[in-house]
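Following: one structure in structure tokens, then a few remarks.
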Amino acid sequence: MKRFRTQVGIVGAGPAGLMLGHLLHRQGIDSIILENRSQDYVIERVRAGVLEQGTVDLMNDVGLGTRLNREGLRHDGVYIAFAGARHRIDMAALTGGRGITVYGQNEVVKDLIAARTAANAQLHFGVTDLRVTDIEGPEPRIVFNRNGEPYEIACDFIAGCDGFHGVCRTSIPHELLRTYEREYPFAWLGILADAPPSSDELVYSLHERGFALFSMRSPTVTRLYLQCAPDEQIADWPDERIWSELETRLSTSDGWRPNQGRIVQKGVTPMRSFVAEPMRYRRLFLAGDAAHIVPPTGAKGLNLAVADVCRLSNALAAYYKSGSETLLDQYSDTGLRRTWRAQRFSWWMTSMLHKSDSDNPFDHQRRLADLEYLVSSRAAMTSLAESYVGAPLD
Ligand SMILES: Cc1cc2nc3c(=O)[nH]c(=O)nc-3n(C[C@H](O)[C@H](O)[C@H](O)COP(=O)(O)OP(=O)(O)OC[C@H]3O[C@@H](n4cnc5c(N)ncnc54)[C@H](O)[C@@H]3O)c2cc1C
């Protein structure tokens with residue numbers, strides 16, 4: 001068994017784990033990041049793409065803004081489409097100049113891995129059989145195998161940044177963890193296509209056949225989503241069927257429609273709301289999807305993960321600087337408040353914009369009335385805009 005020691009052991013090299021490692025490094029705190037997938041897999045995983053204003057500001061503040069500012073697409077507004085018409089919500093005008101930036105999660109991950117490598121800090125991919133142990137005591141440990149050899153890392157703290165299916169949350173004694181969950185009776189079929197975006201802002205659309213989202217990743221790549229069944233088989237969706245359904249659900253009476261192009265990636269994303277509380281057990285802290293999942297309609301998952309680790313790194317820095325545990329003690333409660341706000345917004349956007357098999361005509365008309373109110377009331381648009389661009393980081 002090879003034995004090492006670090007101040008903070010980080011499980012998972014998604015956005016949460018990598019950003020935490022970067023923030024800690026800037027504070028002079030030692031960490032080791034352990035990831036069970038390969039580096040290529042982690043970089044190529046296509047997931048979120050909308051960064052809140054606070055996430056962009058943080059990336060700039062911590063020296064990660066160069067490529068983001070060059071390649072990210074800043075949006076001041078967003079479109080809501082229904083009954084054949086698109087309605088623009090001017091988020092920047094309604095929130096004192098705040099907006100969102102389209103920059104793929106895999107680009108964020110690429111920037112963070114580059115920063116970690118440049119800092120010569122420890123980041124290990126492809127570890128297996130990882131477990132956290134001794135979490136009751138003052139020196140929790142992470143054990144795992146790497147290249148067929150067993151390792152053990154003794155830590156002051158462990159950060160569980162290992163996503164919804166990770167091992168950290170399930171290491172917390174079951175009776176001490178309360179979970180809240182909602183599964184939705186639909187999923188998203190998402191594609192990436194080599195097609196220049198036909199709108200320079202996102203279009204969220206409710207159609208009688210279901211929800212669709214027009215989005216983009218760059219000036220030449222469009223990202224599109226369709227509401228589908230949770231058990232949808234991607235094999236049942238040849239490209240022609242996908243384009244036909246997207247055209248039907250997204251085209252508006254002013255002649256706007258998505259541009260078509262070669263589909264380079266497709267997949268089905270489940271929709272779930274989930275919260276685990278507390279986000280801490282002794283010296284084990286949960287961050288990002290390990291602690292909470294939001295349906296992607298509100299574009300909050302990645303941003304919540306960043307907000308968690310920003311708070312956690314500040315709390316750890318205060319601890320190492322002065323011995324104070326005040327911020328560590330507040331980590332869970334403060335995070336849960338932000339999480340529930342994001343849950344409310346994501347649930348509301350999802351309910352307003354998706355149809356369900358149990359709907360009757362009343363439900364569809366009520367949804368249209370909701371949308372009609374949204375796009376005609378400055379108060380309602382401000383409420384959406386404030387939540388969409390996100391609250392400043394704690
Ligand atoms: C399939 C999918 C599609 C998504 N699509 C969208 C989208 O379109 N729009 C949107 O806004 N949001 C989307 N999200 C949400 C968003 O991507 C997440 O909120 C975000 O990835 C959270 O980051 P994280 O670092 O907390 O977790 P993750 O990104 O899940 O990172 C966790 C990391 O831990 C690793 N890991 C897990 N178990 C172990 C272990 N035992 N040992 C070591 N490492 C481990 C995983 O391999 C992973 O790299 C999607 C999420 C998923 C799962």
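Whatever order the structure lists ligands and atoms in, that order sets their numbers, starting from 1.
Proximity of C161 to ligand 1, defined as any heavy-atom pair under 4.0 Å, is confined to the backbone N, CA, C and O atoms. Heavy atoms of Y225 found under 4.0 angstrom from ligand 1 belong exclusively to the side chain.
Which of Q105, R131, E35, R47 comes nearest to atom 33 (C) of ligand 1 through a heavy atom is settled by distance: it is E35. Here atom 15 (C) of ligand 1 lies nearest to D289 when heavy atoms of I142, V50, D289 are compared.
The shortest N or O to N or O distance between R223 and ligand 1 is not below 3.5 Å. No N or O atom of G166 sits closer than 3.5 Å to an N or O atom of ligand 1.
Atoms of ligand 1 lying under 4.0 Å from any heavy atom of R37, numbered from 1 in the order shown and given with element: 47 (O). Near L34, with a cut-off below 4.0 Å to any heavy atom, the atoms of ligand 1 are 43 (C), 44 (N). Taking every heavy atom of G288 and a limit of under 4.0 angstrom, the matching atoms of ligand 1 come to 26 (O).
Y184 and R182 are not linked by any side-chain donor-acceptor pair at a separation below 3.5 angstrom, with hydrogens and angles left out of the test.
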May I have the list of side-chain donor-acceptor pairs in residues 235-244 shorter than 3.5 Å, sequence neighbours left out?
from, atom 1, to, atom 2, distance (Å)
W237, NE1, E232, OE2, 2.9
D239, OD1, K266, NZ, 2.9
R241, NH1, D236, O, 2.8

Kindly list each side-chain donor-acceptor pair under 3.5 angstrom involving residues 32-47, sequence neighbours excluded, with atom names and distances?
from, atom 1, to, atom 2, distance (Å)
E35, OE1, A13, N, 2.7
E35, OE2, R37, N, 2.9
S38, OG, Y41, N, 3.1

